[in-house]
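Before any comments, here is the structure.
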Amino acid sequence: MKHTDNSITEPTKTYRRIMPNTWWLKKGSYTLFMLRELSSVFVAIYAIFLLIRLCALSQGAEIYNSKTAIFNSGWMIALHAVMWVFIMYHMITWFKISGRIFGKKPLSPGLVTIANYIVWVVVSVVLFLIITKG
Amino acid sequence: MGLLKKINALEPLWWSLFGLGGMIAAFILPVHLFLHGIAIPMGWVSPDLLSYERMMSVLSSPYGIIVKLFLFSIISFPLFHAAHRIRLTIEDLRIGWLNTIMPLISYGGAIVLSVITIVVLFYKLS
Amino acid sequence: MAEEIKITVTRYNPDKEAELKTQTFTIPYHNDWSILDGLNYIKAELDGTLTYRWSCRMAVCGSCGMMVNGTPRLTCSTYLNEFYPGEITIEPLANFPIIRDLVVDLTDFMDKLKEVKPWIIRKNKSDENDTSKEYIQTTAQMDKYYQQTLCINCTLCYAACPVYGLHPDFIGPAVIALGYRYNNDSRDQGKDERRKFLASEDGVWKCTVVGDCTEVCPKHVDPSAVIQRTKVDNATNWFFSFLKGKK
Ligand code: FES
């Protein structure tokens, strides 16, 4: 038998699987990805908090002090602790990816990631000193 | 629709801002949030660090401008970072109706908040 | 009593059924059998109608990719002993339409592959057929793209990529990696030509760096990294053309 018509190789009825909206719960790596994306929500909240503090500052001591009291309350500290965990997770994933992007030969991904952490430690210590002692 | 097309055409710009903000969030926010959100409110380090008087004196000192630029960059760029990520996540979660207007809401929001930050820092607090 | 292992496979016959079914086979367990050996046993001894693709049996041709317990793998280089005494579930590669049983339709991938022009492009078209010219390349120059030449078009990365599953128009990992491979070849001059495709709305910008493409790649092509590098390159190019007033 000779196949002169090559349309015979083309599938007529294929079955298409639809990804459920809960696709990111189906696999550990997808869930971790979603948590990483979620970290950006906390980044945004923190930036907005900083802006709120600055707005209060510009409105005088009384308003600023009442806002500060809210930021010093227990549930706000707890919220910040949660935000901190997510931002740390952002940092870890960010350094890992930046290692992959910039770790081309003769460098290696691991080397770039370690360099990121070293810079991070230096930046953190310097900022800590400036903010607390400066 | 034309506006949304224009926003999408600026993808390289949004991505670059996302990258810059992500870098700032990774390098600076952990220690910054730890101090301002946890350590100072808990009293582990001097609670006076964020007092009204000290803040105002820092901002009006000769270094004030540097502090202000620093504050701007840790507010504005992380907002663009979050805007981009949230927009793409909404796409991945297939929240259809939100999906189409998301670029407008997210980048627009980041722009508006950045402008407010500039006004507060360099106009109201000067 | 010989040892046995259970393999559950997806069945789909487009002429008879509208839905996917599964079928479980019990086959003899051999420590040195690959999953493909197991499937070949089923086809030879138990059910000759089971349909799947394979050819080289040595991780070169890239045709035997399937979902093995939910992860895209080359079945010829995945062994039963990794799962024994547990059971194995084999499904057709995720995110692609199914033609029959474990065979998927790769037309979409093939079309995109063509569009990225995975060959050396010269500005001067006559160069491409001129065999008298030599293009000397140093090892350092070759290092820039060598890793991406290893791609065998097995499309495991497409099956691992949720972005491709959600947005089938996304160009996808392997095709972008192959674009990168030619863009970074010192003999090639087709970067701008490929940019139209790679930096389009369905190109690199769609990637959200889930990173699973890199995890599943049997040849360590690292699509995830090169997609990000392509983003950096396109963003830089965009800013420069913006400064030059072209945008
Ligand atoms: S049969 Fe060729 S790659 Fe597995």
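Heavy-atom basis, side chains included; hydrogens, waters and symmetry copies ignored. Naming: A, B, ... by sequence-line order, numbering from 1 per chain.
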Could you work out, with side-chain hydrogen bond (donor to acceptor under 3.5 Å, both in side chains) as the rule, every residue matching S124(A), not counting sequence neighbours?
none
side-chain contact (heavy atoms from CB on, under 4.5 Å), that's the test. Do H36(B) and H80(A) meet it? Break it down for me.
CA-CA 9 Å; H36(B) 292 77; H80(A) 276 84; over 6 Å; no
Chain B contact via F71(A) - side chain, backbone, both or neither, heavy atoms under 4.5 Å
backbone
Backbone of L33(B) reached by a side-chain donor or acceptor of W84(A) within 3.5 Å:
no
Passes side-chain contact (heavy atoms from CB on, under 4.5 Å), H32(B) versus L127(A)? Steps please.
CA-CA 8 Å; H32(B) 198 269; L127(A) 269 180; 5.5 Å; no
So for V119(A), is it side chain, backbone, both, or neither that comes closer than 4.5 Å to the heavy atoms of chain B?
both
Turns out that what part of F49(A) lies under 4.5 Å from chain B's heavy atoms comes down to neither
What part of L35(B) is in contact with chain A, defined as an atom under 4.5 angstrom from a non-hydrogen atom: side chain, backbone, both or neither?
side chain
Interface moiety of S51(B) toward chain A, non-hydrogen atoms closer than 4.5 Å:
backbone
Measuring heavy-atom distances to chain B, does S73(A) have an atom under 4.5 Å in its side chain, in its backbone, in both, or in neither?
neither
Going by residue number, which parts of residues 52-62 of chain A are within reach of chain B, meaning a heavy-atom gap below 4.5 Å?
R53(A), L54(A), C55(A), L57(A), S58(A), G60(A), A61(A)
Inter-chain contacts: residues 86-97 of chain A against chain B, heavy atoms under 4.5 Å
I87(A), M88(A), H90(A), M91(A), W94(A), F95(A)
Residues 18-25 of chain A: residues contacting chain B (heavy atom under 4.5 Å, by number)
M19(A), P20(A), N21(A), W23(A), W24(A)
Heavy-atom contact with chain A under 4.5 Å, split by part of T117(B)
both
